[in-house]
Amino acid sequence: MIRKELVAASAEPLVLSLLAKGESYGYAIIQEVKARSDGKLNWTDGMLYPVLHRMEHRGLIKSRWGESETGRKRKYYSLKKDGKAAMAKHHEQWSLVHAVLSGLKKEQYV
Amino acid sequence: MSDLEQSIAEWRKQMLAAGIKSPVPLEELEIHLCEEIERRMKSGLDEQQAFDFAVQKMGATNMLKSEFRKIEGSFMKIIPIFGGFLLGVTMQLPGSLELRDQLVMADGKLVLWLLGLFLQMWAMGSLWRRFRPGVNKFEFEKFTMSFSRLVKTGAGVVMLLGGMMFLIPAGIQAGREGLVKFDALCWLVFGMALVITGFVITFCPYKKTRLEFYV
């Protein structure tokens, strides 16, 4: 299981990156993250919504009410311009951390 | 009403009782709950099992409440800024009116005028920092540590020293004469405002990384 600190820190970049593919809704976001991480990133479902609302409040994403194929009401989220910029920044920072960590790991096996 | 509908209604009541009163988050959470129940039932669980599983996955009510309250809290933080701005205008107004008649403001009016100006500048600065276009508040608070911290701390120290400079003479005067003159009182208030602001800016903890989003 991934540490809660890492789960918390990765929530925003993951949501932004998923929304960069197209608009989505809370349940689908959780399912996709779970599937892509082979179930290792298992978010507490309800906790996603405060994160989404906070990101919306900061102008990174926007939302609209829509309907599912079965007629159920859904709130769809999509990326805004500021969200794209924030995502790029996240990618840059996470890539840097990954590169440093990989370099250090490689050195251990040399 | 079916058992499942009754269970969902009961869950909604619990959420309302816990303080999640805004209709949008509650509706969203309920839709999510229903999607999860539907999915679990398709995978073979009965209604009650699916409901229990979905509720457990949703997370503890008090945690959800505290998370949503943080979003509301960010709005609440703006209220003191507006309050400061209004107070600043109120304090500045008499001095400004006086300035129309007298080019040089005497006694405590100048201090009140300065205090008013200071409060307005602070309020406007705070609003600008929060709402200027393109600002990523989260990034600003979290990652740009060194330079902004240096500037903030420097400003805080200057305010602290400035405040002490105004406070001490007023205090000495009050101690010597056994009373506080109006102008000295004004300087005292101004000094205290500077000291408090300087103290808050210099010593308040910087916002921590948000760690609430966990399993």
Side-chain angles (χ1 to χ4, degrees), chain A residues 1-16 25-31 34 39-60 63 65-68 70 72-77 80-83 85-90 92-93, chain B residues 11 15 18 20 22-39 53-75 77-78 130-144 208-215:
Chain A
M1 193 64 79
I2 296 174
R3 285 167 60 91
K4 64 179 182 182
E5 289 86 352
L6 191 57
V7 175
S10 61
E12 187 174 304
L14 285 173
V15 170
L16 288 172
Y25 56 99
Y27 191 78
I29 292 171
I30 287 177
Q31 294 307 316
K34 197 178 170 185
K40 284 171 189 155
L41 262 173
N42 206 359
W43 293 349
T44 305
D45 291 10
M47 292 298 173
L48 174 67
Y49 294 96
V51 173
L52 287 169
H53 287 207
R54 202 178 290 137
M55 286 163 68
E56 190 177 10
H57 182 72
R58 283 165 46 214
L60 303 181
S63 66
W65 283 103
E67 269 189 9
S68 69
T70 55
R72 174 174 283 148
K73 240 177 122 182
R74 266 180 193 161
K75 199 175 178 193
Y76 289 94
Y77 292 89
K80 282 176 80 176
K81 200 180 160 191
D82 283 356
M87 185 186 67
K89 207 166 182 182
H90 274 300
E92 193 186 311
Q93 288 167 350
Chain B
W11 173 84
M15 287 285 168
I20 302 174
S22 313
V24 173
L26 188 56
E27 194 176 1
E28 247 187 313
L29 290 173
E30 192 176 328
I31 291 166
H32 186 106
L33 189 82
C34 292
E35 297 226 23
E36 187 64 49
I37 291 169
E38 200 178 285
R39 188 182 156 102
F53 185 88
V55 167
Q56 198 195 344
K57 269 196 91 206
M58 189 64 80
T61 318
N62 58 342
M63 273 163 55
L64 289 174
K65 179 193 166 189
S66 83
E67 286 303 305
F68 280 112
R69 188 171 274 179
K70 280 174 197 163
I71 303 166
E72 289 163 10
S74 61
F75 174 72
K77 282 174 197 162
I78 299 167
R130 276 164 199 273
F131 297 114
R132 72 191 155 105
V135 71
N136 188 338
K137 198 175 73 164
F138 186 63
E139 298 297 324
F140 179 82
E141 285 165 351
K142 213 173 125 187
F143 295 112
T144 55
K208 291 174 186 169
T209 311
R210 296 185 193 282
L211 300 176
E212 304 86 1
F213 187 75
Y214 56 86
V215 177

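Note: hydrogens, waters and symmetry copies are ignored here, and every other heavy atom, side chains too, is used. To find a chain, count down the sequence lines: A is the first, B the second, and so on, and within it residues start at 1. Remember, predicted model here, so these are calculated numbers, not experimental data.
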Portion of Glu38(B) that has a non-hydrogen atom of chain A nearer than 4.5 angstrom: side chain
Tyr25(A), Trp43(A), Tyr27(A) screened by ring-ring contact (aromatic ring centres under 6.0 Å, His included) with His32(B), the one that passes: Tyr27(A)
Residue pair Glu36(B) / Gln31(A), side-chain heavy-atom distance below 4.5 Å: yes
Approximate separation, where rounding is to 0.5 Å, of Glu28(B) CD and Leu48(A) CG: 8.5 Å
Exercise: identify the closest heavy-atom pair between Ile31(B) and Arg72(A): CG2-CD, 4.0 Å
Which atoms of Ile30(A) approach chain B - backbone, side chain, both or neither, heavy atom under 4.5 Å: side chain
Closest contact, heavy atoms only, Pro25(B) versus His53(A): CG-CE1, 3.8 Å
